[in-house]
Engineer: 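Quick one: structure below, then a few questions.
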Amino acid sequence: MNVAIVVLAGDGIGPEVTSAAVRVLLNIGTARKHSFTFTSQLIGGASIDRSGTAFTDQALAACKASDAVLLGAVGGPRWDNPGAAVRPEQGLLALRKGLGLYANLRPVKPYAALIAASPLKPELLRGIDFVVVRELTGGLYFGQPKGRDTVDGRVRAVDTMEYYDFEIERIMKLAFKLAAERRKKVTSVDKANVLETSRLWRQIATSQGELHQGITLEHMLVDTASMRLVTAPSSFDILVTENTFGDILTDEASVLTGSMGMLPSASLGDGGPGLYEPIHGSAPDIAGKGIANPVGAILSAALLLRYSLHLEEEAGAIERAVERAVDDGCRTVDIGGKLGTEEMTSEIIQRLKL
Ligand code: IPM
Ligand code: MG
């Protein structure tokens with residue numbers, strides 16, 4: 001299989017963790033006779049430094065022409081001035097929107113060997129296996145109007161929470177489809193007691209629920225959901241929610257796995273290339289030190305194989321290699337060990353059974 005992958009390393013630890021994921025993919029390619037071709041493009045602060053914009057049209061065109069996109073992270077203190085006209089995060093949003101990636105899948109399944117690395121009680125962590133399906137191209141991130149003006153001499157800032165019915169319907173369909181392949185439960189998270197967008201969200205979730213009789217649908221307010229994530233996390237199977245709620249809840253959920261550095265994500269649209277990135281940020285405090293945890297990026301490469309290339313065996317091989325490495329005590333600093341990014345990657349590669 002000939003596969004063209006665009007690598008958007010981005011900022012901070014992005015280059016370190018994406019090169020770890022590329023190493024793993026190259027190993028898979030050699031062992032299974034797939035030809036993976038990698039090309040790099042700039043995004044985020046790295047792109048701002050070069051061209052003054054966080055993501056160029058040319059980089060977007062390269063992504064559109066690819067089979068899949070692998071991303072590291074964007075952002076950092078150098079570009080963090082609140083008054084700045086361009087911000088690294090705009091690059092990521094332009095990429096998601098530009099590729100039509102409305103569904104962000106964030107699987108959460110802690111490793112038994114890492115239970116002690118989580119601040120939560122071990123008995124709470126048993127049996128956790130859920131996927132957050134986060135709507136990714138709507139809501140507060142993109143709604144218009146957005147910006148600042150002056151009203152009666154006061155500065156006013158506005159963001160708009162906006163959802164069209166079709167945006168909710170398509171993400172719900174995906175959530176139910178995923179639930180059908182799993183434990184057949186969908187928890188739809190909203191704030192329907194306050195927000196109009198959430199009332200539409202709930203209405204559409206309910207009508208999709210009626211079309212999927214074999215699947216249990218529960219509605220949960222986002223404040224309750226944030227509490228249940230740490231008091232009864234094993235009760236979730238598919239958790240589907242809008243953009244901002246999903247952003248917040250997935251950082252919270254990552255604590256269950258012991259470290260933000262462990263979690264991968266896949267962003268998908270209707271056909272076209274998918275985007276694969278760890279959920280962690282650019283971690284400027286440890287950037288360039290070679291100590292970042294590569295697992296989130298490596299597991300994102302597994303999701304790339306699964307969702308964009310339908311190479312399920314190879315995807316599973318990566319996931320099992322990571323699990324074996326963790327079981328054997330291989331640990332980066334964030335999960336209580338001493339291994340550097342490259343050493344951890346080598347440990348995982350050694351355990352790939354292809
Ligand atoms: C994430 C990140 C991004 C988001 C930022 C970097 C724009 O926090 O992917 O969760 O808010 O979506
Ligand atoms: Mg986030």
Side-chain angles (χ1 to χ4, degrees), residues 8-15 17-18 21 42-48 53-55 60 63 69-82 84 86-108 131-143 146 159-163 167 171 189 222 225-226 229 239-257 259-269 274-285 287 292-293 295-297 299-300 303-304 334:
L8 301 169
D11 308 318
I13 60 170
V17 299
T18 45
L42 297 175
I43 193 167
S47 176
I48 294 175
T53 153
F55 195 52
L60 176 62
C63 291
V69 180
L70 191 63
L71 184 135
V74 295
R78 274 203 310 125
W79 306 280
D80 242 357
N81 170 10
V86 275
R87 302 180 55 83
E89 291 78 6
Q90 290 167 344
L92 188 52
L93 302 192
L95 170 65
R96 290 170 177 172
K97 196 73 166 178
L99 292 182
L101 306 171
Y102 61 81
N104 181 222
L105 274 44
R106 297 186 164 183
V108 180
V131 180
V132 179
V133 180
R134 170 188 173 193
E135 200 292 326
L136 202 59
T137 50
L140 282 171
Y141 280 60
F142 296 96
K146 188 186 233 342
D159 292 290
T160 302
M161 179 94 125
E162 176 185 59
Y163 270 105
E167 295 177 295
I171 193 90
V189 175
V222 64
S226 74
L229 269 177
L239 220 147
V240 59
T241 193
E242 67 87 43
N243 205 347
T244 307
F245 297 162
D247 178 45
I248 298 168
L249 293 178
T250 47
D251 266 32
E252 187 190 2
S254 75
V255 175
L256 305 168
T257 64
S259 167
M260 284 274 284
M262 302 294 295
L263 284 194
S265 83
S267 302
L268 309 172
L275 166 68
Y276 302 87
E277 54 176 315
I279 84 147
H280 64 68
S282 59
D285 51 325
N293 187 343
V295 168
L299 291 175
S300 298
L303 296 181
L304 183 158
D334 56 315

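As the structure lists them, so they are numbered: ligands from 1, and atoms in each ligand from 1.
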Engineer: What donor-acceptor contacts under 3.5 angstrom involve side-chain atoms of residues 95-105, with partners at least two apart or in another chain?
Structural biologist:
{"residue": "Lys97", "atom": "NZ", "partner": "Thr137", "partner atom": "O", "Å": "2.7"}
{"residue": "Tyr102", "atom": "OH", "partner": "Asp270", "partner atom": "OD1", "Å": "2.7"}
{"residue": "Asn104", "atom": "OD1", "partner": "Arg106", "partner atom": "NE", "Å": "2.7"}
{"residue": "Asn104", "atom": "OD1", "partner": "Arg106", "partner atom": "NH2", "Å": "3.4"}
{"residue": "Asn104", "atom": "ND2", "partner": "Ser265", "partner atom": "OG", "Å": "3.4"}
{"residue": "Asn104", "atom": "ND2", "partner": "Ala266", "partner atom": "O", "Å": "3.4"}
{"residue": "Asn104", "atom": "ND2", "partner": "Ser267", "partner atom": "OG", "Å": "3.1"}

Engineer: Is the shortest heavy-atom distance from the side chain of Leu268 to the side chain of Tyr276 under 4.5 Å?
Structural biologist: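 Counting from C-beta outward, Leu268 and Tyr276 do come under 4.5 Å.
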Engineer: What do we get for Arg134 next to ligand 1 when only non-hydrogen atoms under 4.0 Å count, side chain, backbone, both or neither?
Structural biologist: side chain
Engineer: Donor-acceptor check, side chain of Thr160 to backbone of Glu162, threshold 3.5 angstrom: yes or no?
Structural biologist: no
Engineer: Under the ring-ring contact (aromatic ring centres under 6.0 Å, His included) test, which residues partner Phe142, sequence neighbours left out?
Structural biologist: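 Phe142 satisfies ring-ring contact (aromatic ring centres under 6.0 Å, His included) with no residue once adjacent residues are dropped.
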Engineer: Verify, without hydrogens or angle tests, whether Asp11 (side chain) and Gly76 (backbone) share a donor-acceptor contact under 3.5 angstrom.
Structural biologist: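 Judged by distance alone, no pair lies under 3.5 Å.
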Engineer: Quick one: does any side-chain atom of Ser47 pair with a main-chain N or O of Thr53 as donor and acceptor, under 3.5 Å?
Structural biologist: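 Checked: pair present.
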Engineer: What I want to know is whether Glu89 and ligand 1 share at least one N or O pair that is separated by under 3.5 angstrom.
Structural biologist: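 For ligand 1, there is no N or O atom that lies under 3.5 Å from one belonging to Glu89.
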Engineer: Would you mind checking which non-hydrogen protein atom is closest to atom 1 (C) of ligand 1, with the distance to 0.1 Å?
Structural biologist: Arg106 NH2, 3.4 Å
Engineer: Around atom 8 (O) of ligand 1, find the nearest protein heavy atom and jot down its residue, atom name and distance.
Structural biologist: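 Its nearest protein heavy-atom neighbour is Asp247 OD1, 3.2 Å.
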Engineer: Would you please determine whether Arg96 falls within less than 4.0 Å of ligand 1 on a heavy-atom basis?
Structural biologist: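 Right, Arg96 reaches ligand 1.
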Engineer: If you have a sec, work out which protein heavy atom is nearest atom 11 (O) of ligand 1 and how many Å separate them, to one decimal?
Structural biologist: Tyr141 OH, 2.5 Å
Engineer: My understanding is that only residues two or more places apart in sequence, or in another chain, count here; which of them pass side chain to side chain donor-acceptor pair (under 3.5 Å) with Asn243?
Structural biologist: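 Arg134.
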Engineer: Answer yes or no for Gln90: is there a heavy-atom contact with ligand 1 below 4.0 Å?
Structural biologist: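 Contact absent.
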Engineer: Around the Mg ion (ligand 2), what protein N, O or S atoms are found below 2.8 Å?
Structural biologist: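 Listed by chain and number: Asp247 OD1.
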Engineer: Would Glu277 and Leu92 satisfy side-chain contact (heavy atoms from CB on, under 4.5 Å), going step by step from the backbone distance to the final call?
Structural biologist: CA-CA 11 Å; Glu277 54 176 315; Leu92 188 52; 3.9 Å; yes
Engineer: Could you check Leu249 against Val132 for side-chain contact (heavy atoms from CB on, under 4.5 Å), going step by step and ending with a plain yes or no?
Structural biologist: CA-CA 8 Å; Leu249 293 178; Val132 179; 5.6 Å; no
